[in-house]
K.L.:
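Can you read through this structure? Questions will come right after.
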Amino acid sequence: MTDFRWDKLATDGMSRRGRLHTAHGPVETPAFMPVGTAATVKAMAPWDVAQTGAQMVLGNTYHLMLRPGAERVAKLGGLHRFMAWDGPILTDSGGFQVMSLAQLRQLDETGVTFKSHIDGSTHALSPERSVEIQDLLDADVTMQLDECPPAGWPHDKVADSMRLSLRWAERCQRAFRERPGYGLFGIVQGGVYDDLRRESARELSAMDLPGYAVGGLAVGEGQAETFRVLEVTCPELPADKPRYLMGVGRPDDIVGAVMRGIDMFDCVLPTRSGRTGQAFTARGPINLKNARHREDTRPLDPNCDCATCTTFSRAYLHHLIRSEEMLGPMLLSRHNVHYYQALMAGLRGAIERGELTEHAQALAEGWHAGDI
Ligand SMILES: Nc1ccc2nc(N)nc(O)c2c1
Ligand SMILES: [Zn+2]
């Protein structure tokens with residue numbers, strides 16, 4: 001059984017090309033993890049997800065503890081067998097989802113209690129219970145339970161929240177069941193306050209965890225602030241451990257974050273926007289709902305070799321989305337996740353060649369050129 005570790009293979013400025021080794025296989029970094037919230041990457045079968053080149057997917061403690069239940073998933077053989085994904089899985093710890101989805105939630109030192117958004121039943125999530133749930137799910141990467149302060153909170157409230165998350169990190173580390181190939185990641189908090197970000201990163205670094213996430217971003221602060229926080233935070237994290245920016249983002253967000261030292265990403269954007277007809281292409285995003293596509297026989301993205309782009313015309317995709325046919329979200333989700341994986345593969349190659357700056361420039365020119 002392999003030990004959980006991240007190998008740094010090359011660097012280019014602040015960016016790194018690496019490889020994460022987990023119980024369920026390797027992950028080339030920089031990596032994008034499609035979000036599989038309720039044990040499915042929405043509208044995609046696991047073989048579709050694998051075909052995009054994705055190696056690791058994300059699951060959610062919050063959703064799975066409510067339905068079908070963590071003990072039930074364990075009884076059914078764990079999340080890998082349940083959803084037929086035999087690659088690595090990272091699960092978020094639930095705190096963020098509770099604050100954004102649950103009703104009547106109460107957060108205090110012990111953890112968070114809340115009512116299910118599904119049936120109103122009451123649940124409690126402590127650092128220990130969150131780690132236990134992620135163990136029951138058999139997640140390769142467990143995320144600490146944390147609090148994600150909403151954008152706009154004042155310094156003193158963010159400081160209290162960040163220090164609570166640090167105490168929860170300690171409790172998660174004590175509760176985590178060490179076994180080869182599995183790791184617990186800490187989550188840096190601190191809002192947009194440099195001093196708090198540095199304190200959180202330094203305290204978590206001292207815990208010598210196998211990986212570090214940067215949380216509390218992608219909450220509406222805007223790209224410039226996101227990048228500024230990364231410029232403050234990443235240098236405070238161990239150079240030989242993977243860094244995961246949670247909930248990010250658009251393609252240009254990802255490129256900028258890789259250039260500032262981030263190795264792992266997850267975001268609902270490629271799947272969620274795919275379901276509404278938005279497609280990411282080398283010439284920027286396009287919306288297939290737009291009437292201009294209704295007789296366009298060209299592929300979605302001539303630079304893309306995915307099954308959607310090599311089989312169907314924009315006219316057909318426009319028809320599917322307009323008709324609200326199930327195949328529309330399926331085909332666009334596949335293309336978008338494929339596009340994100342191709343973006344990551346391009347970034348990995350550019351870092352290996354020491355050409356990330358030029359590569360990022362070329363990508364930005366394409367996106368700004370706009371659709372033809
Ligand atoms: N933008 C995000 C997305 C997911 C998060 N998950 C956790 N656990 N913590 C955060 O701060 C997050 C932020
Ligand atoms: Zn495509």
Side-chain angles (χ1 to χ4, degrees), residues 2 4-22 25-34 52-56 88 90 141 185 188 197 201 205 210-214 217-218 223-246 248-267 269-270 280-284 301-306 337-369:
T2 175
F4 188 93
R5 75 176 191 283
W6 178 72
D7 296 337
K8 190 190 312 183
L9 305 174
T11 61
D12 183 350
M14 284 291 287
S15 71
R16 299 108 65 85
R17 163 75 168 96
R19 183 170 297 128
L20 187 67
H21 297 270
T22 77
V27 185
E28 303 302 325
T29 67
F32 179 81
M33 300 178 285
T52 67
Q55 293 176 296
M56 187 170 202
L90 178 147
V141 176
F185 279 20
V188 178
R197 284 285 175 182
S205 298
Y212 294 88
V214 182
L217 293 175
Q223 188 183 80
E225 274 294 80
T226 304
F227 287 173
R228 195 187 57 76
V229 169
L230 294 182
E231 287 157 11
V232 167
T233 306
C234 288
E236 302 292 342
L237 291 172
D240 60 347
K241 297 288 176 61
R243 300 164 187 160
Y244 161 33
L245 178 54
M246 306 186 86
V248 173
R250 290 194 322 267
D252 57 313
D253 298 328
I254 288 175
V255 173
V258 165
M259 296 180 84
R260 290 165 175 82
I262 295 293
D263 309 297
M264 296 163 67
F265 299 87
D266 87 274
C267 189
L269 197 57
F280 291 92
T281 78
R283 297 180 69 95
D301 185 342
N303 301 305
C304 181
D305 60 355
C306 85
V337 175
H338 180 101
Y339 178 80
Y340 268 62
Q341 296 306 327
L343 176 73
M344 305 317 289
L347 293 172
R348 295 193 292 266
I351 296 168
E352 287 164 7
R353 298 190 303 273
E355 298 171 358
L356 182 59
T357 305
E358 300 81 351
H359 184 72
Q361 185 59 39
L363 286 170
E365 279 160 15
W367 292 329
H368 298 144

K.L.:
Taking all atoms of both residues into account, what is the closest heavy-atom pair of P34 and V337, and its distance?
P.N.:
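Answer, listing the atom of P34 first, then V337: CG-CG1, 3.8 Å.
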K.L.:
Within the distance-only criterion (no hydrogens, no angle test), does the side chain of R16 pair as donor or acceptor with the backbone N or O of A239 below 3.5 angstrom?
P.N.:
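Yes, because the side chain of R16 sits within donor-acceptor range (under 3.5 Å) of the backbone of A239.
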K.L.:
What's the spacing between I254 CD1 and L343 CG if we round to 0.5 Å?
P.N.:
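Atom-to-atom, I254:CD1 and L343:CG are 6.0 Å apart.
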K.L.:
If we ignore hydrogens and angles and just use 3.5 Å, is the side chain of R260 paired with the main-chain N or O of M14 as donor and acceptor?
P.N.:
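Side chain of R260 to backbone of M14: no pair is present.
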K.L.:
Below 4.5 Å, heavy atoms only, C-beta onward: do Y339 and P270 meet side chain to side chain?
P.N.:
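Answer no - side chains too far apart.
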K.L.:
Of the non-hydrogen atoms in D253 and F227, which two are nearest, and what is the gap between them?
P.N.:
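Reported closest heavy-atom pair: O-CE2, 3.6 Å.
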K.L.:
Check the pair D7, R5 against side-chain contact (heavy atoms from CB on, under 4.5 Å), reporting the backbone distance first and the verdict last.
P.N.:
CA-CA 7 Å; D7 296 337; R5 75 176 191 283; 3.0 Å; yes
K.L.:
Provide the closest heavy-atom pair for G284 versus T281 in the form atom of the first, atom of the second, distance.
P.N.:
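For G284 versus T281, the nearest heavy atoms are O-OG1, 2.6 Å.
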K.L.:
Checking H359 side chain against E355 main chain: does a donor-acceptor pair fall under 3.5 Å?
P.N.:
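No: the side chain of H359 does not pair with the backbone of E355.
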K.L.:
Quick check: does any side chain N or O of S15 sit under 3.5 Å from a backbone N or O of V258, one acting as donor and the other as acceptor?
P.N.:
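Not at all, since once roles are kept as given, no pair shorter than 3.5 Å links the two residues.
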K.L.:
Given D252 and Q223, is the side-chain contact (heavy atoms from CB on, under 4.5 Å) satisfied, shown in steps?
P.N.:
CA-CA 9 Å; D252 57 313; Q223 188 183 80; 3.0 Å; yes
K.L.:
Could you tell me which non-hydrogen atom of Q55 sits nearest to which non-hydrogen atom of P88, and how far apart they are?
P.N.:
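Of all heavy-atom pairs spanning Q55 and P88, the closest is O-CD, 3.0 Å.
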K.L.:
Could you state the interatomic distance from CE (M56) to CE (M33), rounded to the nearest 0.5 Å?
P.N.:
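Taking CE in M56 and CE in M33, the distance rounds to 6.0 Å.
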K.L.:
When you measure from the side chain of R19 to the backbone N and O of L9, does any donor-acceptor pair fall under 3.5 Å?
P.N.:
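It does not hold such a pair.
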K.L.:
Minimum heavy-atom separation for Y340 and L269, please, with both atom names.
P.N.:
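Smallest heavy-atom distance, with atoms named: OH-CD2, 3.6 Å.
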K.L.:
Might you work through the side-chain contact (heavy atoms from CB on, under 4.5 Å) test for V214 and V248, ending with a clear yes or no?
P.N.:
CA-CA 10 Å; V214 182; V248 173; over 6 Å; no
K.L.:
Measuring from L347:CG to E352:CD, what's the distance to the nearest 0.5 Å?
P.N.:
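L347 atom CG to E352 atom CD measures 11.0 Å (nearest 0.5 Å).
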K.L.:
Which label fits F4 and F185: parallel for a plane angle under 30°, tilted from 30 to 60°, or perpendicular past 60°?
P.N.:
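Correct class here is perpendicular.
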K.L.:
Is R228 salt-bridged to E225, cutoff N-O under 4.0 Å?
P.N.:
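Looking at R228 and E225, the cut-off is met.
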K.L.:
Going by heavy atoms in the side chains, are M259 and V255 under 4.5 Å from each other?
P.N.:
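In short, these two side chains touch, coming nearer than 4.5 Å.
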K.L.:
Between D12 (side chain) and R353 (backbone), is there a donor-acceptor pair under 3.5 Å?
P.N.:
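Looks like no, no N/O pair under 3.5 Å.
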K.L.:
What I'd like to find out is whether the side chain of L90 reaches to under 4.5 Å of the side chain of Y244, using heavy atoms alone.
P.N.:
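L90 reaches Y244 side chain to side chain.
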K.L.:
Please confirm whether the backbone N or O of P30 pairs with a side-chain atom of R348, one donor and one acceptor, at under 3.5 Å?
P.N.:
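Between the backbone of P30 and the side chain of R348 there is a qualifying donor-acceptor contact (under 3.5 Å).
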K.L.:
Would you check if the side chain of T52 reaches a backbone N or O of Q341 as a donor-acceptor pair within less than 3.5 Å?
P.N.:
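No; zero donor-acceptor contacts below 3.5 Å.
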K.L.:
Would you name the heavy atoms of D266 and F32 that are closest together and state the gap between them?
P.N.:
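That closest heavy-atom pairing would be C-CE1, 3.9 Å.
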K.L.:
What's the separation between atom OG1 in T233 and atom CZ in R243, rounded to the nearest 0.5 Å?
P.N.:
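Here the rounded value is 10.0 Å.
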K.L.:
If you round to the nearest 0.5 Å, how far is CG of L20 from CG of D263?
P.N.:
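The CG atom of D263 sits 9.0 Å away from the CG atom of L20.
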